[in-house]
Number of protein chains: 2
Amino acid sequence: MSSFLPTEQRLAVTRQRYPAFPRDAAVLIRLIKHIYKRVQDDANAMLRPYGINHPEYNLLMMLYGTEGYTLHPTELADAAGEKSANITRLTNELADKGLIARNASDEDRRKVTLTLTDQGVALIESFLPDVCALLEHQVGDLQSRDVVQLERLLKKFLDQLERE
Amino acid sequence: MSSFLPTEQRLAVTRQRYPAFPRDAAVLIRLIKHIYKRVQDDANAMLRPYGINHPEYNLLMMLYGTEGYTLHPTELADAAGEKSANITRLTNELADKGLIARNASDEDRRKVTLTLTDQGVALIESFLPDVCALLEHQVGDLQSRDVVQLERLLKKFLDQLERE
DNA sequence: TGTATATATTTCATATATGTACTATCTAAG
DNA sequence: CTTAGATAGTACATATATGAAATATATACA
């Protein structure tokens, strides 16, 4: 039924061989990984006709979700969970496609401002119907109680991870 | 406090601009992504001294969790969530390092068997104490009730995702 | 048997991501 | 001022991952 069963069986074997292995933590992390890969693949497939991939989509949506459609590269990197070196490349490509504008900040001359262009906003609003459909399909018929619980617990987990 | 707050604020702005945007689904997926990246980075840092990265670690552990320490490339790809083309490269590298052996299967001559070498098992057992410590640190002081709930809900989510 | 189709794996060109070192600018303490 | 240390962003070499086509073998069935 679930693609995850073999993974659990492997964890059982692992614990026979190395009893101290923390099963629960490992299950959580492997589940996160399976889910992430699946979501990423689905999103890439959906976005391909629009000429962008999932990381580019994320950057565009971070700007779309910001007042003034503008962020600095470092902010964008944090928001999207990308490394700064990668932001340079990705935003250069988005700028080449005319979806965002790169400008020098005059408040701080080390900084660059990244702003959605009208064309960028238009592209986003053209794919949003498909994105919404995909997102709704992904949660599918999960009970809304479950979704709320899951959000609460994932936040707790993320907090814990960041507690260093 | 949490690195996730700005993300939620952006979702609020997004919904002002595009009210149909499914907030809950998007929050879940962004949480998954943040957690995944964090876990991946931490694991890579921990594994570096052992000369392997997180994907390689995963492959080794899938074999370690299998009776006979042996899988075919396709099975390994499914288990580890990697694409088959990537498995070829990764397993070649692991074979070059002497950690696994590649052999032709005589049951089906299209197939290849990938088996942990003694050296591979020894490497795994040398890093397992650090891995266990990291895993335990990652779940930290999450209540065990929460961990159980989270596992249940993530499985439900994964099932839903795979329901096509 | 022979032929069509499916499966397992690899090859290769290309796309994507990272670490590290570097430049420029800012901030603050003397 | 000016100098030391922090911060913002980028360049470049290298590492990692992907899709699509190619190769070999297996299976089904006419």
Side-chain angles (χ1 to χ4, degrees), chain A residues 33 36-60 70-97 100-115, chain B residues 33 36-60 70-97 100-115:
Chain A
K33 191 179 162 195
Y36 175 76
K37 296 232 173 193
R38 177 65 187 232
V39 164
Q40 171 108 332
D41 284 353
D42 288 354
N44 275 326
M46 193 242 91
L47 292 166
R48 177 173 303 234
Y50 297 97
I52 59 171
N53 57 26
H54 197 208
E56 291 171 326
Y57 161 81
N58 271 315
L59 300 192
L60 293 175
T70 297
L71 287 171
H72 300 296
T74 302
E75 294 170 321
L76 191 51
D78 289 346
E82 300 288 345
K83 308 287 159 70
S84 64
N86 207 23
I87 289 293
T88 300
R89 177 182 62 86
L90 288 166
T91 56
N92 279 335
E93 288 170 7
L94 291 172
D96 288 347
K97 293 178 189 169
I100 66 176
R102 299 177 65 93
N103 290 107
S105 159
D106 34 47
E107 147 222 330
D108 181 337
R109 284 163 54 198
R110 292 171 302 181
K111 289 188 178 174
V112 166
T113 65
L114 303 164
T115 308
Chain B
K33 191 179 162 192
Y36 175 77
K37 295 232 174 193
R38 177 65 186 234
V39 165
Q40 171 107 332
D41 283 354
D42 288 355
N44 274 327
M46 191 242 94
L47 292 166
R48 177 173 306 233
Y50 297 97
I52 60 170
N53 57 26
H54 196 209
E56 290 171 326
Y57 161 80
N58 272 316
L59 300 192
L60 293 176
T70 298
L71 288 171
H72 300 298
T74 302
E75 294 170 322
L76 191 51
D78 289 346
E82 300 288 346
K83 306 287 158 72
S84 62
N86 206 23
I87 289 293
T88 300
R89 178 181 61 85
L90 288 165
T91 55
N92 279 335
E93 288 170 9
L94 291 172
D96 289 347
K97 292 177 189 168
I100 66 175
R102 299 178 65 92
N103 290 106
S105 159
D106 34 44
E107 148 222 331
D108 180 337
R109 285 162 55 199
R110 293 170 302 181
K111 290 187 179 175
V112 166
T113 66
L114 303 164
T115 307

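Residue numbering restarts at 1 for every chain, and letters A, B, ... go by the order of the sequence lines. What you see below is based on every heavy atom in this structure, not just the backbone, and it leaves out hydrogens, waters and symmetry mates. Since the structure is predicted, the reported quantities are computational estimates derived from the model, not experimental observations.
Within the 4.5 Å cutoff, the side chain of A/Ile87 has heavy atoms near those of the A/Leu59 side chain. Side-chain atoms of B/Leu90 and B/Pro55, non-hydrogen and from C-beta on, do get closer than 4.5 Å to each other.
Considering every non-hydrogen atom in both B/Ala101 and B/Asn103, the closest pair reads CB-OD1, 3.9 Å.
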*Show the numbers, then the answer: is there a side chain to side chain contact (heavy atoms under 4.5 Å, CB included) between A/Thr113 and A/His72?*
CA-CA 5 Å; A/Thr113 65; A/His72 300 296; 3.6 Å; yes
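Listed in residue order, the members of residues 82-92 of chain A having a heavy atom less than 4.0 Å from DNA chain D are A/Ser84, A/Ala85, A/Thr88.
Checking A/Gly81 against B/Asp108, the closest nucleotide of DNA chain C that is more toward the 5' end is the one next to B/Asp108.
Chain B approaches DNA chain D within less than 4.0 angstrom (heavy atoms of the protein), and the contacting nucleotides run 5' to 3' from D/dT16 to D/dA26.
Between the side chains of B/Arg89 and B/Asn86, at least one donor-acceptor pair of N or O atoms lies under 3.5 Å.
Atom NE2 in A/His72 sits about 14 Å away from atom C1' in C/dT25, given to the nearest Å. For the pair A/His54 NE2 and C/dA17 P, the interatomic distance rounds to 11 Å; values are reported in whole Å. The distance between atom CD of A/Glu107 and atom P of C/dC26, rounded to the nearest whole Å, is 10 Å.
Using a 4.0 Å cut-off between charged side-chain N and carboxylate O, B/Asp42 and B/Arg38 make a salt bridge. B/Glu93 and B/Lys97 are not joined by a salt bridge, as no carboxylate oxygen comes within less than 4.0 angstrom of a charged side-chain nitrogen.
For B/Ala95, the side-chain contact (heavy atoms from CB on, under 4.5 Å) test picks out B/Ile100, B/Arg102, with sequence neighbours left out.
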